[in-house]
Trainee: 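Once you've had a glance at the structure underneath, I'll fire off some questions.
Note that this is a predicted model, so its numbers are computed, not measured.
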Amino acid sequence: MSGYLSRSSLSAYRSVAAHTGVDAADPHRLVTMLMDGALERVASARGAMDHGDVEAKGRLIQRAVAIVDELRASLNEKAGGQIATNLADLYDYCTRQLVRANAENRPEMLEEVGNLLREIRSAWIQIPAAR
């Protein structure tokens with residue numbers, strides 16, 4: 001086994017690395033990580049859709065929905081005002097589009113959600129993290 005990791009070892013390593021990254025991240029970075037995770041799952045779901053892998057497509061879309069829901073739950077609408085309210089509405093729209101994309105097997109809906117999340121992410125990383 002020298003020179004490579006077994007599949008279970010690699011999985012354990014990834015889990016530890018992911019948890020370490022989350023534990024060390026500030027709230028600004030955590031939101032960025034959530035957005036990256038959602039984008040990754042949407043892109044992977046698109047690949048699964050293109051290859052006819054219904055099970056993987058459904059699982060990946062379900063995970064993307066869970067991440068978008070977490071992003072929505074992290075909003076503080078009282079402190080964030082209209083911007084937070086608009087983001088909540090946009091996240092809700094993304095969730096509905098993901099569910100429809102899964103049910104109707106529509107890759108263009110996944111593309112739309114990916115584009116929206118990339119725009120939100122781009123704006124988010126322009127905001128300096130609180131120190």
Trainee: Looking at I61 and A45, what are the two nearest heavy atoms and their distance?
Mentor: CG1-CB, 3.6 Å
Trainee: Heavy atoms only: give me the nearest L110-A101 pair and the separation to one decimal.
Mentor: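 Closest pair (atom of L110, atom of A101, distance): CD2-CB, 3.8 Å.
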Trainee: Do D50 and R46 have side chains that get closer than 4.5 Å, going by heavy atoms?
Mentor: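 Yes, close enough: below the 4.5 Å cut-off.
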Trainee: Quick one: OG on S44 to CG on D53, what's the gap to the nearest 0.5 Å?
Mentor: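 The CG atom of D53 is 11.0 Å from OG of S44, to the nearest 0.5 Å.
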Trainee: Indicate the atoms forming the closest heavy-atom contact of H28 with I125, along with that distance.
Mentor: CE1-CA, 4.3 Å
Trainee: In the single-linkage hydrophobic clustering (I, L, V, M, F, W, Y; side-chain heavy atoms under 4.5 Å), do W124 and L90 co-cluster?
Mentor: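 They do share one cluster, since a chain of ILVMFWY contacts under 4.5 Å joins W124 to L90.
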Trainee: Rounded to the nearest 0.5 Å, what separation is found between the SG atom of C94 and the CG atom of L71?
Mentor: 9.5 Å
Trainee: Are the side chains of L98 and M109 in contact, using a 4.5 Å heavy-atom criterion?
Mentor: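 A side-chain contact is absent here, since even the closest heavy-atom pair is not under 4.5 Å.
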Trainee: Tell me whether L30 is reachable from L117 by hopping between hydrophobic residues (I, L, V, M, F, W, Y) whose side-chain heavy atoms are closer than 4.5 Å.
Mentor: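 No, no single cluster joins them.
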Trainee: Any chance CD of E55 has more than 12 other-residue heavy atoms, nucleotides or ligands included, within less than 6.0 Å?
Mentor: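 Result for CD/E55: open.
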Trainee: Are V31 and M35 packed together at the side-chain level, in the sense that at least one heavy-atom pair is separated by less than 4.5 angstrom?
Mentor: yes
Trainee: Quick one: are I67 and Y91 in side-chain contact, heavy atoms under 4.5 Å?
Mentor: no
Trainee: Which atom pair, heavy atoms only, marks the closest approach of G58 to N102?
Mentor: CA-OD1, 3.7 Å
Trainee: Can you hop from Y93 to L39 via hydrophobic side chains spaced under 4.5 Å?
Mentor: yes
Trainee: When you group the ILVMFWY residues by side-chain heavy-atom contacts below 4.5 Å and let the links chain together, are V65 and V54 in the same group?
Mentor: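 Shared cluster, no.
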Trainee: Between R100 and R96 (side chain of the first, backbone of the second, donor and acceptor by atom type, cut-off under 3.5 Å), is there such a pair?
Mentor: no
Trainee: What distance do L116 atom CG and E111 atom CD have between them, rounded to the nearest 0.5 Å?
Mentor: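 These two atoms lie 11.5 Å from each other.
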Trainee: If you compare all heavy atoms of A88 against all heavy atoms of E77, which two are closest, and at what distance to 0.1 Å?
Mentor: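 The answer is CB-OE2, 3.6 Å.
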Trainee: Minimum heavy-atom separation for L75 to A84, with atom names?
Mentor: CD1-O, 3.5 Å
Trainee: Quick one: does S122's side chain have a donor or acceptor within less than 3.5 Å of a partner on R118's backbone?
Mentor: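 Checking the backbone N and O of R118 against the side chain of S122, no donor-acceptor pair under 3.5 Å is found.
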Trainee: Got a second to check how far R106's CZ is from M49's CE, nearest 0.5 Å?
Mentor: 10.0 Å
Trainee: Check whether any side-chain heavy atom of R72 sits under 4.5 Å from a side-chain heavy atom of T95, and report yes or no.
Mentor: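 Answer yes - side chains close enough.
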Trainee: Is there a side-chain hydrogen bond (donor to acceptor under 3.5 Å, both in side chains) between N86 and Q82 once you walk through the steps?
Mentor: CA-CA 6 Å; N86 291 344; Q82 190 63 43; 2.9 Å; yes
